[in-house]
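Only a predicted model underlies this, so the values are computations on that prediction, with no experimental measurement involved.
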Amino acid sequence: MTAFRRRSRSVSLLLWLAAAAVAGPAAAQTPVAGLDLLDLQAGAVILSATGEYNEDWSALNLLDGTTTTGWSAPAGTPAPYAFVIELPRRHRLRSIVLDNTDAKESYPGISAREVRVSSSTTSPSTGFTLLGTFEAPQGARKDFLLAPPGNVAQWLKLEVVSNWGHAEYTELMELEAYGEPEGEATAPPPVTGVYSTNYNLLLLQQRGSRVVGCYDWSDGTLMGSTDGRVVQFEWREDQGTDVGTAIMVLSSAGDYLNGLWYRGGVRQGVWKGPRAAPGAKPQCKVRAAGGIGSALAESGRAIVYGIYFDSDSARLRPESEGALGEILGLLKTQPGLRLLVEGHTDSTNSEAYNVQLSAERAQAVRTWLIAREIVAARLEPEGLGESRPVAANTTPQGRALNRRVEIVILK
C-alpha cells in the first residue's frame with residue numbers, strides 16, 4: 001500500500017493545507033459524558049453521502065474521532081449535502097455535536113453553518129422525522145441538546161444547508177452523538193462475502209469470531225477478528241514485506257463496509273465499499289489454516305486480534321478461544337516452535353500501569369496454552385505497554401487497534 005500508488009491524484013492548495021493539519025497535534029475537544037455513538041469503533045457506518053471532494057475528504061472522516069481530518073463538498077456544488085449514518089442499534093439520543101474545529105478557515109467562511117438533523121427507526125431511506133435545525137459555529141465545536149421524547153434513532157440524516165460564506169467549498173470536520181441504547185440489539189450478519197472497495201475487490205471469510213481474507217491489491221491478505229460488527233485486522237502485501245492494520249465496520253444489512261487503514265502507526269486513508277454484485281470473484285488467495293501460521297512463516301511475527309480481556313484486567317474472555325485455539329494448533333503441529341508472547345496496550349493510564357497490565361495479559365495467554373499441554377519453556381511472555389503503537393492513540397479506533405497480542409518466533 002505505497003503512498004504513491006494510493007494517491008495518484010493532483011494535490012490542490014486545499015489538500016496541501018489539510019496535510020499540514022494532519023501532521024500536527026490533535027485538536028483539544030470539550031469532553032462529553034458517555035460514548036460517542038458516531039464513531040467507527042462504536043459501530044457507526046456512513047451509508048450514503050451526496051458529495052465528497054475526494055477520498056482524503058470523505059464523509060467517513062466525520063466518524064474518525066478527530067478534527068484533523070474531515071469532510072468537504074466538491075468544489076462549486078450547491079447545498080444541501082446529505083449524509084445517512086447508521087447506529088449499531090436503536091438509541092435515545094441526548095445530544096448532537098457539530099465540530100468545525102480545524103476547518104480551513106484560511107478560506108474564510110468554509111465551515112458548515114446550518115445543519116438539519118433527522119432520525120428514523122424504520123430504515124435508512126424512510127421514516128425520518130426532524131430532530132432540529134442547528135447552527136454549527138465557525139471554526140469551532142458545539143454540543144446541541146435534544147428535547148425528549150422524540151429522539152430515538154437507529155439512522156440519522158444530516159443535511160448541511162449552508163456554510164459561513166465561502167463561495168466554492170463547505171467543510172465539516174467531525175460529528176458526535178450521545179445517548180443510551182433502547183430495546184434489544186439485533187444479531188449482526190456475518191461479514192463473509194466479497195466487497196467492491198476503493199482498493200479493488202475484497203474477500204472476507206468469518207469463522208466464529210475469526211476473520212481472514214484477501215484483496216486484489218499487491219497480493220493483499222488479512223487476518224483478524226470481529227465482534228459481529230467491527231472488524232480489526234492485520235493486512236499484508238507483497239509476500240509480507242508491507243504490513244499494517246485496519247478497522248472496518250459492517251452495516252446491519254451486511255451491504256456496506258466503512259474502514260480506515262494504518263501503516264507504521266500512522267493513518268493512511270479510508271477503506272470502504274459496498275458488497276459486490278453476485279458472481280464477483282477476486283483474483284487473490286486467502287491464507288490457509290487461519291493465517292497466523294502463514295504470517296509467522298513470512299516474517300516471524302503476527303498480530304493476533306481476537307484475544308479479548310476484561311477491561312483493565314488480564315482475565316481472558318470466552319470469545320478469545322478462536323484465536324487462542326489457532327495458536328495452540330500451531331504449537332501442537334510444530335513441536336519445535338517457540339514463541340514470544342507480547343502484550344500491548346493503548347496509552348490510557350500511566351506507562352508503568354500499562355507495562356504491568358500488558359505483562360499480565362501476555363502471561364495469561366501463556367498460562368492458557370500451558371494448561372493445554374504446551375511445555376512452558378516454549379513460551380516467553382513480555383509486556384510492552386504502549387511503547388509500540390500500530391495506530392494513533394488519539395482516536396477510539398486507534399486505541400482499539402493498539403490493544404492487542406503479538407506472537408514472535410523465538411530462535
(message) Quick one, E184 with R89, criterion salt bridge (charged side-chain N to carboxylate O under 4.0 Å, His left out). Give me CA distance, side-chain angles, the key distance, then yes/no.
(response) CA-CA 8 Å; E184 296 296 323; R89 57 182 294 185; 5.7 Å; no
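- Checking S95 against D143 by side-chain atom types alone, a donor-acceptor pair falls below 3.5 Å.
- Partners of P282 under the side chain to side chain contact (heavy atoms under 4.5 Å, CB included) rule, at least two apart in sequence or in another chain, are V194, L201, L203, D216, C284.
- Neither side chain, Y53 nor S58, offers a donor N or O lying under 3.5 Å from an acceptor on the other.
- Taking the six-membered ring where the residue is Trp, the centroids of Y215 and Y195 are separated by 6.0 Å or more.
- Looking at every heavy atom in both residues, A295 comes nearest to M223 through CB-CE, 3.7 Å.
- Rounded to the nearest 0.5 angstrom, Q206 CD and T226 OG1 are separated by 5.5 Å.
- Applying the side chain to side chain contact (heavy atoms under 4.5 Å, CB included) test to Q239 and every residue at least two apart in sequence or in another chain returns D219.
- Side-chain atoms of Q363 and R361 include no donor-acceptor pair closer than 3.5 Å.
- Between V405 and V341, the shortest heavy-atom contact is CG1-CG1, 4.0 Å.
- When every heavy atom of P88 is checked against every heavy atom of Q154, the shortest pair comes out as O-NE2, 4.0 Å.
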(request) Starting from the C-alpha separation in whole Å, work towards a yes-or-no answer on side chain to side chain donor-acceptor pair (under 3.5 Å) for S252 and E86. (result) CA-CA 8 Å; S252 293; E86 180 181 81; 3.3 Å; yes
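- Salt bridge present: R267 and D64 bring a charged side-chain N and a carboxylate O closer than 4.0 Å.
- A salt bridge is defined here as a Lys NZ or Arg NE, NH1 or NH2 lying under 4.0 Å from an Asp or Glu carboxylate O, and E342 with R388 meets this definition.
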